[in-house]
Amino acid sequence: MSNARTVVKSSWRRRLYRELHDDVDELLARGWLITTSANGFKLYNSLGRYALTIHSTPSDRRAVRNYRAAIKRKLQEEEHELRCSQALV
């Protein structure tokens, strides 16, 4: 990981949508990292690759739903990558 990133421990809860707390807790339990950025937060998957940005302010009323859908897609992509890498071994 780059030294420029600041890994957030628990302070993210104050600045992130309450509706996403459980989702982000699950990602952190799976080994994901959450870092601060100028726009909000960046999530990196357990493989260390950039996955998603969650903005500090909602852009529309469906923002939380859209983030949840994006998280679900990224988890599926990560599982696919892990399966493919294990198949090669």
Side-chain angles (χ1 to χ4, degrees):
M1 297 286 152
S2 169
N3 291 337
R5 294 188 214 163
T6 305
V7 177
V8 180
K9 298 292 184 198
S10 60
S11 63
W12 61 269
R13 284 188 166 276
R14 286 177 289 198
R15 295 177 40 212
L16 187 67
Y17 310 111
R18 277 176 281 164
E19 297 88 350
L20 293 177
H21 284 186
D22 292 337
D23 299 318
V24 173
D25 281 337
E26 180 185 343
L27 294 176
L28 293 174
R30 289 177 175 235
W32 285 48
L33 295 176
I34 183 171
T35 63
T36 57
S37 73
N39 298 327
F41 300 96
K42 289 188 178 190
L43 295 170
Y44 295 85
N45 67 15
S46 61
L47 303 173
R49 295 190 181 113
Y50 166 75
L52 179 66
T53 298
I54 298 178
H55 297 282
S56 305
T57 56
S59 57
D60 62 8
R61 62 186 178 88
R62 291 185 46 88
V64 171
R65 282 187 190 169
N66 293 339
Y67 287 134
R68 280 196 172 134
I71 289 170
K72 183 178 176 182
R73 280 192 307 272
K74 293 298 180 178
L75 285 172
Q76 290 172 348
E77 289 174 14
E78 181 186 38
E79 288 173 6
H80 178 73
E81 281 185 49
L82 288 172
R83 275 183 284 168
C84 288
S85 65
Q86 290 172 353
L88 294 174
V89 173

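Computation of the quantities below employed the complete heavy-atom set of this structure, encompassing side-chain atoms and omitting hydrogens, waters and symmetry-equivalent molecules. We're numbering straight along the sequence, starting at 1.
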Which distance, rounded to the nearest 0.5 Å, do you find between the CD1 of I54 and the CG of N39?
12.5 Å

Report the distance from atom CG of L20 to atom CZ of F41, rounding to the nearest 0.5 Å.
10.5 Å

For the residue pair G40 and S56, what are the closest heavy atoms and their distance?
CA-OG, 3.1 Å

Restricting to salt bridge (Lys or Arg N to Asp or Glu O under 4.0 Å), what partner residues turn up for E26, sequence neighbours left out?
R30

Any chance you could measure S85, atom OG, to L47, atom CG, to the nearest 0.5 Å?
7.0 Å

Output all residues satisfying salt bridge (Lys or Arg N to Asp or Glu O under 4.0 Å) with K42, sequence neighbours left out; order by chain, then residue number.
none

Salt bridge (Lys or Arg N to Asp or Glu O under 4.0 Å) pairs, two or more places apart, involving residues 51-64
none

All side-chain hydrogen bond (donor to acceptor under 3.5 Å, both in side chains) counterparts of S37, not counting sequence neighbours
none

Would you call N45 and L75 a side-chain contact if the rule is heavy atoms closer than 4.5 Å?
no

Would you list the pairs meeting side chain to side chain donor-acceptor pair (under 3.5 Å) in which at least one residue belongs to residues 63-73, sequence neighbours left out?
D23-R68

Hits for side-chain contact (heavy atoms from CB on, under 4.5 Å) against R83, two or more places apart or cross-chain, chain-then-number order -> E79, H80

Which atom pair, heavy atoms only, marks the closest approach of W32 to A51?
CZ3-CB, 3.6 Å

Return the OH to NZ distance between Y50 and K74, rounded to the nearest 0.5 Å.
7.5 Å

What's the separation between atom CD in E78 and atom CD in E81, rounded to the nearest 0.5 Å?
7.5 Å

T35 side, atom OG1; L43 side, atom CG - distance, nearest 0.5 Å
7.5 Å

